[in-house]
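Just below is one structure, and these are the notes that go with it.
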Amino acid sequence: MIDQLNPEQKAAVTLPPQHALVLAGAGSGKTRVLTTRMAWLIQTGQASPYGLLAVTFTNKSAREMLARLSALLPLDTRGMWVGTFHGLCNRLLRAHHRDANLPQTFQILDTADQLSAIKRLIKGAGIDDEKYPPRDVQRFINGAKEEGLRPDVVPANDPHHRRLVEIYSMYQAQCEREGVVDFPELLLRAYELLQRNGPVREHYQRRFRHILVDEFQDTNTLQYKWLRLLAGGGACVFAVGDDDQSIYAFRGANVGNMSEFERDYAHGAVIRLEQNYRSHGHILDAANALIAHNSARLGKNLWTAQGEGEPVRVIEQPSDLMEAQWVVDEIKALINDGSLRHEIAVLYRSNAQSRVIEHTLFSSGVPYKVYGGLRFFERQEIKHALAYLRLMDNPHDDTSWLRVVNFPTRGIGARTLEQLADLARERGTSLYGAVPYMSGKGGSNLAKFAELIAGMAHEAQILSLPELIEHVIHHSGLRAHYQAEKEGAERLENLQELINAATVFCVEENIEGLPAGLLIERALSTAAVSNVSGAGIPASQTSGSQAFDSQTSDSQTPDSQELGSQAVLGTAAALPEVELAMSPLAAFLSHASLEAGDNQAQPGQDAVQLMTVHAAKGLEFDSVFITGLEEGLFPHENSLLEAAGLEEERRLMYVAITRARERLYLTLSQSRMLHGQTRYAMRSRFLDEIPEQHLKWLSPREASTLPSEAWGQANWRRSDAYGRPPTGGIAPRAPRSVTSGVTVGDKHFRIGQSVSHAKFGEGIIIGLSGAGQDSQAQIQFRDVGTKTLALGVAKLEINP
DNA sequence: GTGTCGTCCTTTTTT
DNA sequence: AGGACGACAC
């Protein structure tokens with residue numbers, strides 16, 4: 001198992017029980033080390049499979065971890081706590097829903113559901129949505145939750161923030177009332193459960209002796225606190241990550257957690273995995289040189305035993321169209337030479353860039369696949385069907401209610417729903433709860449809808465999950481609706497696919513044929529706890545006051561799939577713990593929320609792979625094209641506002657480069673259609689941060705890069721136009737000519753042009769967009785920073 | 001209740 | 001440019 005590991009990998013895998021931070025560079029065998037560590041702990045008897053907790057960010061990597069683990073050891077991985085942060089927290093909350101003060105059937109709002117819940121709240125409370133845009137409110141609430149902050153402790157020092165906190169508080173009350181939980185709430189609730197409930201906390205602290213974390217650099221503050229709490233009983237934390245690949249700060253990830261770890265888990269080991277098994281020398285050296293420009297690093301230098309390989313190709317084209325055409329021509333040549341299509345990836349910084357590449361690939365007849373679109377469970381028709389299913393489980397879920405109460409249309413208009421909402425507010429009930437108080441035609445239509453839901457809920461006690469979904473699609477009228485619609489064929493197919501997904505789900509969960517609404521309890525042995533610590537906690541304590549409804553207790557077929565764990569551990573006196581007490585329907589709904597469907601690239605498809613750089617993280621390809629290497633695009637202009645932004649962009653570029661095994665192409669364009677305007681930009685500073693010896697320019701350099709060789713490479717690399725050294729930040733560098741520009745009146749403006757402004761003084765044009773009177777220029781002034789000026793308005797002098 | 005027109009926005013994204 | 005969403009009219 002460990003024979004094929006290099007010394008550092010082996011050291012990490014066989015570390016004695018203690019905390020460890022593994023700094024695993026790109027392509028250094030990170031996942032392999034993590035899974036082998038788990039297998040080694042189990043095989044050497046240091047841990048039982050049920051005494052391990054392994055946590056990741058995506059379902060895909062959780063699945064991969066389990067798959068690799070079962071390949072290493074003959075092991076029944078079911079019942080093991082390996083999953084995403086959200087998945088594991090969901091599991092925890094289901095098992096202890098009473099202690100967590102949640103209804104048994106609590107449902108999970110995905111990002112879109114949450115947004116619509118917030119919109120509804122804002123409308124209902126008469127809050128000005130201009131002043132408090134739902135998106136901002138959502139960001140505020142989630143940001144607070146991800147810091148572990150409830151409304152009563154969120155700092156708010158101005159009226160605007162105090163109002164936001166109020167809205168947060170109202171939103172929270174609404175979620176409680178409706179029995180729904182958003183994504184960050186899953187984590188926060190689970191954290192609070194462990195924090196406040198001593199028996200539950202101690203139970204899990206004793207149980208999990210080893211906690212393994214993947215992609216540790218992506219953890220947010222709350223996840224870090226959650227891990228610390230869980231490890232508080234003396235568990236060993238094995239955290240694997242790469243600070244250089246931290247690219248999710250914008251959604252709350254805190255790279256600082258890595259240095260925090262070194263402080264909080266003192267005496268832990270720090271192991272660096274620096275041998276890269278993926279990329280050829282030039283590619284790796286380019287990545288190393290680039291990332292060396294970042295200041296806040298834990299430090300790491302990747303090396304490879306493979307040869308230098310090919311230099312990195314760089315090409316500049318006059319337009320984005322020609323850039324795309326060049327990429328496609330090169331792809332065709334690669335395929336001609338025997339490359340596999342799915343071993344070729346085209347990466348870009350932002351999704352908007354994919355269009356022109358897609359178009360060009362399409363015209364050339366090259367099969368391709370774009371990643372990052374709408375996912376299966378996010379499709380309109382699927383969300384509609386799921387809303388019906390949710391209502392069966394919990395008719396008080398107003399979000400789902402409003403989604404389908406009039407879809408397909410059944411004569412329930414806005415007016416009626418307003419009345420219903422008023423009644424519900426007066427009586428403090430859900431919309432469903434207010435239906436009996438409605439009168440008139442609207443009222444009877446609503447009553448019919450309520451009956452429809454109740455009837456479906458009744459069927460749930462009889463039909464299996466796939467049968468139930470079939471029933472719902474038919475009796476809700478969804479099928480008829482989409483059959484009548486011109487473009488409905490694909491939606492009908494997706495609905496059919498939903499039934500298939502449910503069938504597969506039931507097989508995987510071993511609940512085929514059971515009524516969808518039947519509550520199933522599964523006991524999971526707590527033997528792992530007793531085994532290690534010698535002391536378990538009585539189930540009556542751990543599962544708190546969970547006296548399950550009488551209908552659920554006796555009438556069940558006890559699920560015995562976990563019995564195997566007892567055999568493995570040889571402990572007969574296992575204390576039963578309620579692992580899950582939910583129906584196939586509820587389980588499927590959780591599954592749908594937590595796993596919205598595959599969006600990530602899968603190998604094996606014979607198509608060129610198109611995706612953003614973010615989406616490419618964790619993947620690798622023989623040949624990689626990184627496109628749009630222009631200032632303002634990559635690094636993205638929005639990132640330049642904060643100092644940390646540029647470093648994150650650089651890490652992003654680092655991730656992009658290290659995706660390539662054998663061939664790497666960097667492409668850029670002098671002009672680009674963006675937001676309906678032609679924009680001109682300078683080449684990305686990242687190109688200048690890669691040493692010349694690793695690059696091979698395919699376009700004539702004089703066309704783009706240097707006004708003349710007289711500047712001298714060393715010269716412009718070391719100083720900007722004003723002779724200041726490039727100290728990072730956004731200092732301009734030497735101007736260089738481009739073939740095109742913008743003409744306004746009698747003046748022609750080009751990138752790199754030196755200009756003077758009466759008020760701002762002397763500056764250099766670093767970006768141009770638009771044409772004629774409407775065009776704008778980004779100008780880096782010597783004294784007052786970067787400004788964007790309308791060329792038709794600003795009086796600019798062109799300096800000689 | 002449905003269709004059409006205007007307005008707005010546009011970095012990256014998992015759960 | 002292009003898509004998404006909301007307001008307004010039939």
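Values in this document were obtained by computation on a predicted structure and should not be read as measured data. A, B, ... follow the sequence lines: proteins, then strands. Residue 1 opens every chain.
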Can you tell me which nucleotide in dA1(C), dT2(B), dG2(C) comes closest to the side chain of Thr409(A)? dT2(B)

Looking at dT11(B), does its base get a donor-acceptor pair with the side chain of Thr612(A) below 3.5 Å? no

Tell me whether the side-chain N/O atoms of Asn59(A) come closer than 4.0 Å to OP1 or OP2 in dT15(B). yes

Give a yes/no answer on whether the side chain of Lys119(A) brings an N or O atom under 4.0 Å of OP1 or OP2 in dG6(C). yes

d(CZ, Arg355(A); C1', dT10(B)) in whole Å: 11 Å

Please classify the nucleic acid contact of Thr111(A) as base, sugar-phosphate, or nothing, using heavy-atom distances under 4.0 Å. base

Using a 3.5 Å distance criterion without hydrogens, assess whether the side chain of Asp397(A) forms a donor-acceptor pair with backbone atoms of Asn394(A). no

Closest of dT11(B), dA1(C), dT15(B) to the Ser350(A) side chain is dT11(B)

Any donor and acceptor pair, going by atom type alone, linking the side chain of Arg410(A) with main-chain N or O of Val405(A) inside 3.5 Å? yes

Looking only at side-chain N and O atoms, does Arg251(A) come under 4.0 Å of OP1 or OP2 in dT11(B)? no

Classify the nucleic acid contact of Phe57(A) as base, sugar-phosphate or nothing, counting any heavy atom under 4.0 Å across all strands shown. sugar-phosphate

Would you check if Pro635(A) and Leu640(A) make a side-chain contact, meaning some heavy-atom pair closer than 4.5 Å? yes

Between atom CG in Asn220(A) and atom C1' in dT13(B), what is the gap in whole Å? 14 Å

Gln114(A) CD to dT15(B) P: how many Å, rounded? 16 Å

So, OP1 or OP2 of dT12(B): does either fall under 4.0 Å of a side-chain N or O from Ser639(A)? no

Round to the nearest Å and state the distance from Gln138(A) atom CD to dT15(B) atom P. 16 Å

Whole angstroms only, please: what is the CG-P distance between Asp182(A) and dT14(B)? 18 Å

SB check Arg63(A) Glu508(A) (cutoff 4.0 Å): no

Can the ring centroids of Phe183(A) and His86(A) be said to lie less than 6.0 angstrom from one another? yes

Looking at the side chain of Phe250(A), which of dT15(B), dT12(B), dT2(B) is the nearest nucleotide? dT12(B)

Looking at dT15(B), dG1(B), dT12(B), which one has an atom nearest to any side-chain atom of Asn351(A)? dT12(B)

Whole-Å distance separating the CG atom of Leu109(A) from the C1' atom of dT14(B): 16 Å

Decide if the gap between the ring center of Trp401(A) and the ring center of Tyr388(A) is smaller than 6.0 angstrom. no

Euclidean distance, atom CG of residue Leu619(A) to atom C1' of dT13(B) [Å, nearest integer]: 14 Å

Start at the 5' end of DNA chain B and walk down; is the nucleotide closest to Arg349(A) or to Asn406(A) reached first? Asn406(A)

Classify the nucleic acid contact of Tyr248(A) as base, sugar-phosphate or nothing, counting any heavy atom under 4.0 Å across all strands shown. sugar-phosphate

Please give, in whole Å, the distance from dT14(B) P to Asn142(A) CG? 15 Å

Ring of His614(A) versus six-membered ring of dT12(B): centres under 5.5 Å and planes under 30°? no

Which part of the nucleic acid, if any, lies within contact of Ile412(A), taking any heavy atom under 4.0 Å across all strands shown: a base, the sugar-phosphate backbone alone, or nothing? sugar-phosphate

